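Heads up, the thing below is written out as structure tokens.
This structure is a prediction, so every number in the text was calculated from the model and none was measured. Labels below follow one simple rule: chain letters A, B, ... track the order of the sequence lines, proteins then strands, and each chain is numbered from 1.
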Amino acid sequence: MSLEKYEAVIGLEVHAQLMTASKMFCRCPNQYGSSPNTNVCPVCTGQPGALPVINKKAMELGVRAAIALNCEIHPESVFARKNYFYPDLPKGYQISQYEKPFCTQGYVVVQLKTGEEKRIGITRIHFEEDAGKSNHEAYGTLVNLNRAGVPLCEIVSEPDMRTAHEAGQYLRALHSILRYADICDGNMEEGNFRCDANISVRPIGTEKFGTKVELKNINSFKFVEKAIEYEVQRQVFAIENGEKIIQQTRSWNSAKNVTEVMREKEQAHDYRYFPEPDLPKLVFSSSWLDKIKKEMPELPQQTSARFKAAFDLSDYDASVLTSSKELAKYFESVVSHSKNGKASANWVMNELLGRLNAVGKEIDLSPVSSTQLAELIAKIDSGEISGKIAKTVFEEMFATSKDASSIIKDKGLVQISDPAALENVIRKVIESNPSQLAEYKAGKVKLLGFFVGQAMKETKGQANPALLNELVKKFLDS
Amino acid sequence: MLSREEVLKIAKLARLTLTEDEIGFYQKQLTRVLDHIQDLNQVLTNKEAFVQHVPVDAEPFREDVAVPFANHDGLMKNAPAVENNCFLLPAIMEQN
């Protein structure tokens with residue numbers, strides 16, 4: 001297969017549930033996990049005569065997303081009916097926006113693994129209501145309408161991405177921004193942040209887009225990347241074999257690691273969009289928009305810039321530490337207690353994140369709390385334990401959630417900073433290595449390291465390294 | 001006149017299976033509906049007409065307060081069939 005002769009053209013559509021207390025057009029609670037059909041009313045079950053009323057908070061969160069994603073906000077937009085028949089859509093249409101969405105033309109800057117940045121365009125964001133959920137059983141279909149009418153923002157990107165990695169990074173950046181600004185909780189398992197991908201391939205150097213395939217509802221960053229990678233290869237392979245790419249909707253089968261055909265792609269006009277006659281034109285006043293702008297929460301890039309300036313961190317360190325709101329908060333809490341920005345960054349990134357990744361946990365489930373980690377860092381800074389011992393202590397903290405001080409006490413790991421105690425050890429080491437001593441005396445001064453190492457080993461790593469070094473040198477030279 | 005294919009497509013979107021007689025019937029009836037809309041198009045030249053009934057200065061928004069619907073049981077009784085608190089419908093196959 002000659003993959004390198006082709007490039008992929010990828011655009012993503014993200015459905016993000018907005019963090020409101022009630023639904024988009026009725027007062028039913030917007031709540032995941034309630035018992036089926038408890039959060040329903042005449043409006044969201046599509047009873048004749050029921051009328052929708054727009055949730056102000058949902059509009060505010062949408063505007064926040066538009067600001068965070070650098071979009072042009074349209075003070076006037078229009079809700080539209082998207083018509084299709086499916087039992088999880090009780091009205092027979094979904095209230096959405098079509099010709100006149102509330103914002104267009106934004107962008108997100110994403111970090112690539114090469115260290116470069118890439119700007120991914122956002123075509124539009126529009127409001128729409130979520131559908132219910134249907135479960136297909138042999139005897140019938142069970143419909144739960146708790147989710148019907150939950151407010152969503154659909155965020156449509158430009159086809160600016162060329163690799164699965166770029167798509168993954170775009171999605172991560174979007175996810176992080178929406179969470180930072182308290183727009184969407186980003187919970188992918190509960191379906192609160194869902195992604196569809198449009199993928200086509202074309203020979204490198206050509207302008208014309210190939211026929212696109214839509215991948216539906218991929219529910220993790222990893223699956224998005226894997227699904228796109230697979231799909232790109234599948235398309236290139238098909239073209240190389242002289243087959244034609246068929247415009248279709250496919251889904252990712254994570255058990256088999258393949259994409260599979262779902263259904264014929266319905267053309268846009270099949271939805272027979274028309275302006276929603278039950279709702280007025282959506283009008284945002286400039287004073288209201290200004291108010292939302294003023295009250296914007298801090299965004300990841302702003303947090304990152306603040307961290308860089310305050311704690312002297314590299315671009316990379318700052319971007320890792322602000323990759324999620326929870327992680328940024330954790331790090332800030334560690335620093336505020338440890339008073340050592342650089343060491344806190346190193347401990348969080350190198351020790352904590354590595355271990356969390358290994359056990360597949362997120363920062364909010366870290367067995368070591370931010371204050372516990374800060375205490376450990378403070379103990380290194382005060383000389384109570386060495387950096388090396390600290391790693392052993394940390395391992396224990398991670399396994400047991402115990403405080404550093406109790407582990408140090410229980411295991412007798414306090415750093416030995418008493419010269420008399422170290423001198424005894426050093427004397428023993430020198431006596432048991434007479435040939436190395438002779439070589440040292442003959443001018444092979446590099447052997448200092450050997451003696452320090454042996455002495456450190458004798459103390460089980462507990463010797464104060466600077467003091468040990470000094471004393472060993474003094475002994476050897478005397 | 002609407003084509004036979006157009007009628008079948010509309011029927012498919014509405015999840016309806018039509019007999020031969022019905023195809024002919026809807027070809028004529030839907031054509032008459034469309035003709036009527038054409039007539040209306042000549043009258044309604046103002047594209048914004050659809051929102052004219054809403055007062056311009058009306059507050060169109062509702063505060064975000066969750067209030068469970070009071071007559072929930074009544075609502076569920078409207079359903080032809082309920083199972084495990086879910087609306088029970090005839091089995092739906094994925095359409096291909």
Need one label for [X]: side chain, backbone, both or neither, based on atoms under 4.5 Å from any heavy atom in chain A.
X     : result
B:V67 : both
B:A70 : neither
B:L88 : both

Report summary line: Under a 4.5 Å heavy-atom criterion, the part of residues 77-87 of chain B in contact with chain A comprises B:N78, B:E83, B:N84, B:N85, B:C86, B:F87

Requested in this report: May I ask you to check if A:K82 and A:Y271 form a cation-pi contact, with NZ or CZ under 6.0 angstrom from the six-membered ring centre and within 45° of the axis?
Outcome: yes

Where does [X] contact chain B at under 4.5 Å (heavy atoms): side chain, backbone, both or neither?
X      : answer
A:N55  : both
A:T20  : both
A:A138 : backbone
A:V283 : backbone
A:K23  : backbone
A:F274 : neither
A:E137 : backbone

Report task. To the nearest 0.5 angstrom, please state how far the OH atom of A:Y93 sits from the CD atom of A:E129. Result ->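 Separation between the atoms: 8.0 Å.
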
So do [Y] and [X] actually touch side chain to side chain, heavy atoms under 4.5 Å?
X      : Y      : value
A:K212 : A:I245 : no
A:K216 : A:M262 : yes
A:L279 : A:F25  : yes

Query raised in the report: When heavy-atom pairs shorter than 4.5 Å are enumerated against chain B, which of A:N144, A:L282, A:T45, A:V40 gives the highest number?
Result: A:V40

Query - Interface residue of largest heavy-atom contact number with chain B, from A:N37, A:L142, A:T38, under 4.5 Å - result: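 Heavy-atom pairs under 4.5 Å are most numerous for A:N37.
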
With a 4.0 Å cut-off, would you call [X] and [Y] a salt bridge?
X      : Y      : value
A:R250 : A:E231 : yes
A:K291 : A:E295 : yes
A:E60  : A:R64  : yes

Report task. Test side chain to side chain contact (heavy atoms under 4.5 Å, CB included) on A:R81 and A:D278 and set out the steps. Result -> CA-CA 10 Å; A:R81 286 191 183 180; A:D278 285 345; 3.2 Å; yes

Query raised in the report: Taking all non-hydrogen atoms of both residues, which atom of A:T141 and which atom of A:S134 are closest, and how far apart?
Result: CG2-CB, 3.8 Å

**Report entry** Geometric class of the A:F127/A:F102 ring pair [parallel <30°, tilted 30-60°, perpendicular >60°]
**Finding:** parallel

